[in-house]
Amino acid sequence: MYGMVNKAVEEMVVGAHGEATWLEIKRRAGVTEEIFISNEGYPDEITYKLVGAASELMQVPAEKILHAFGEHWVLETARKGYGHMMAAGGSSLGEFLDNLPLFHDRVALLYPNLAPPQFKVTHRAERSLHLHYITHRAGLTPFVEGLLSGLAKMFNTTAKFALVEARAAGAEHDVFLVEW
Ligand code: HEM
C-alpha cells in the first residue's frame, strides 16, 4: 500500500498517544523505516504488522484499531489532505455511497499503482442500499465499518450498518446493509 496509509496510522497514534508510543509500536512491529513516503509503495505486511503491534501494546483488539483508523481516515486524512475529492464524491451519505464504486478511479489518477478495493451498490432504495466490498486483502472489514461510520459523521447523518454477508463466514465478499 502507498505510504500515505502508514503515515495516517502514525498520525493517528501520535495524536492520541504521543511519539514514544509510536516508536515503541514500530519497534515491536520490526519496522525499520524512519519515515513513510506518501507516494511510495510498501508491502501490505508493514501496515498489518503496525496494527498488530499497536493492538498488542495497547491491549486493544486489532478490529477496534482498524475501526478507529477508518474513522480517522475519512474525518482527518481524506478530509484534510484530499478535501476536493471528498467534496466531489457527493453531498449526502447516499450520494457518496452511490459514487463510491468510482471513487478510487480518481485516486488512481494521482497514484497509478493503486490496488484499491472494489465497491458495488445494489438494492438502492430511498434511504438504504447494499454496499458490496470486494478485495484481495484479508481482515479489513472493521476498517470499512470505520470508514462508513466516518462518512455518516462527515454528513451529520444517523446511519446503521449491518454486515449481511461476510467473507469470514464463507461468503464470496462482504455485503453491508446501510440504512439512514
Ligand atoms: C481521497 C480519499 C481517499 C484516498 C486518497 C484513498 C486512497 C487509498 C489508498 C492509497 C489505499 C491503499 C491501496 C494501495 O495503496 O494500493 C486505499 C485503500 C482502501 N480504501 Fe481508499 N482512499 C480514499 C477514500 C476512501 C473511501 C471514502 C473509502 C470507503 C468508504 C475507501 C476505502 C478503502 C479501503 C476499504 C481500502 C483498503 C484496501 C482493500 O480493502 O483492499 N477509501 N485507499
Side-chain angles (χ1 to χ4, degrees), residues 1-12 33 36-52 62-122 124 129-157 159-163 165-168 171-180:
M1 294 202 244
Y2 275 104
M4 69 163 93
V5 175
N6 300 325
K7 266 183 91 138
V9 174
E10 172 177 358
E11 189 195 276
M12 178 178 83
E33 271 79 5
F36 292 108
I37 299 167
S38 282
N39 58 1
E40 203 162 279
Y42 295 86
D44 284 4
E45 202 195 352
I46 290 191
T47 313
Y48 283 91
K49 279 187 180 164
L50 288 170
V51 172
E63 291 76 14
K64 268 197 129 172
I65 294 177
L66 286 168
H67 190 283
F69 182 49
E71 285 203 351
H72 185 272
W73 182 263
V74 167
L75 297 171
E76 302 293 329
T77 318
R79 220 161 38 165
K80 290 182 184 154
Y82 304 88
H84 54 292
M85 276 193 200
M86 292 303 280
S91 54
S92 65
L93 180 64
E95 199 182 303
F96 195 96
L97 295 178
D98 284 337
N99 293 328
L100 192 57
L102 294 176
F103 193 93
H104 286 92
D105 290 7
R106 240 173 286 156
V107 178
L109 297 175
L110 297 176
Y111 300 96
N113 295 323
L114 196 74
Q118 217 188 320
F119 289 103
K120 277 187 197 155
V121 173
T122 61
R124 180 64 157 105
L129 53 78
H130 281 191
L131 183 70
H132 299 244
Y133 162 55
I134 301 148
T135 179
H136 65 279
R137 297 185 177 95
L140 297 183
T141 307
F143 175 55
V144 177
E145 286 164 346
L147 288 163
L148 293 173
S149 163
L151 287 172
K153 285 184 182 170
M154 187 176 97
F155 290 112
N156 286 317
T157 299
K160 281 198 296 185
F161 313 103
L163 191 59
E165 283 181 45
R167 198 166 82 168
E172 201 173 280
H173 58 259
D174 288 341
V175 181
F176 294 91
L177 165 62
V178 185
E179 295 172 289
W180 66 92

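We count residues from 1, following the sequence as given. Scope of the values below: all heavy atoms of this structure, side chains included, with no hydrogens, waters or symmetry mates. Numbering of ligands and ligand atoms starts at 1, following listing order.
The nearest protein atom to atom 41 (O) of ligand 1, hydrogens excluded, is given as Thr135 OG1, 2.5 Å; this is a heavy-atom distance. Looking from atom 15 (O) of ligand 1 to the surrounding protein, the closest heavy atom is Tyr2 N, 2.8 Å. The shortest contact between atom 1 (C) of ligand 1 and any protein heavy atom is with Tyr82 CB, 3.3 Å. What sits closest to atom 9 (C) of ligand 1 on the protein, heavy atoms only, is Leu114 CD1, 3.6 Å. Residue, atom and distance of the protein heavy atom nearest to atom 27 (C) of ligand 1 are Phe96 CE2, 3.7 Å. The closest protein non-hydrogen atom to atom 38 (C) of ligand 1 is Arg137 NH1, 3.2 Å. Given atom 40 (O) of ligand 1, the protein heavy atom at minimum distance is Tyr133 OH, 2.5 Å.
Looking at residues two or more places apart in sequence or on another chain, you find no ring-ring contact (aromatic ring centres under 6.0 Å, His included) involving Tyr48.
By heavy-atom distance, the residue among Val144, Val5, Thr47 lying nearest atom 35 (C) of ligand 1 is Val144. The heavy atom nearest to atom 37 (C) of ligand 1, out of those in Asn39, Asn113, Leu100, Leu140, is found in Leu140.
Between atom OG1 of residue Thr77 and atom CE of residue Met12 there is a gap of 9.0 Å, rounded to the nearest 0.5 Å. The distance from atom CG of Leu75 to atom NZ of Lys80, rounded to the nearest 0.5 Å, is 9.0 Å. Going from atom CE of Met1 over to atom CG of Asn113 covers 14.5 Å, rounded to the nearest 0.5 Å. One finds the CZ atom of Phe161 at 10.0 Å from the CG atom of Leu147 (value rounded to the nearest 0.5 Å). Taking OG of Ser92 as the start and CG of Leu151 as the end, the distance is 11.0 Å to the nearest 0.5 Å.
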Using a 3.5 Å cut-off and no angle test, enumerate the donor-acceptor pairs between side-chain atoms of residues 3-10 and protein atoms at least two apart in sequence or in another chain.
from : atom 1 : to    : atom 2 : distance (Å)
Asn6 : OD1    : Thr47 : OG1    : 2.7

Residues 173-180 side chain polar contacts: donor-acceptor under 3.5 Å, at least two apart:
from   : atom 1 : to     : atom 2 : distance (Å)
His173 : NE2    : His132 : ND1    : 2.8
Asp174 : OD1    : Arg167 : N      : 2.7
Asp174 : OD2    : Thr141 : OG1    : 2.5

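When atom types are taken as modelled, the side chain of Thr157 and the backbone of Ala159 share no donor-acceptor pair closer than 3.5 angstrom.
With a heavy-atom cut-off of 4.0 Å, Phe143 touches ligand 1 through its side chain alone. Contact annotation: for Leu151 versus ligand 1, heavy atoms closer than 4.0 Å belong to the side chain alone.
For the pair Asn99/Leu102, no side-chain contact is recorded, criterion being any heavy-atom separation below 4.5 Å from C-beta on.
The number of protein N/O/S atoms found under 2.8 Å from atom 21 (Fe) of ligand 1 is 1.
For ligand 1, the atoms closer than 4.0 angstrom to any heavy atom of Ala115 are 13 (C), 14 (C), 16 (O).
Ring to ring, Tyr42 and Phe36 are close: their centroids are under 6.0 angstrom apart.
Around CD of Glu45, the count of heavy atoms belonging to other residues, nucleotides or ligands within 6.0 Å does not exceed 12.
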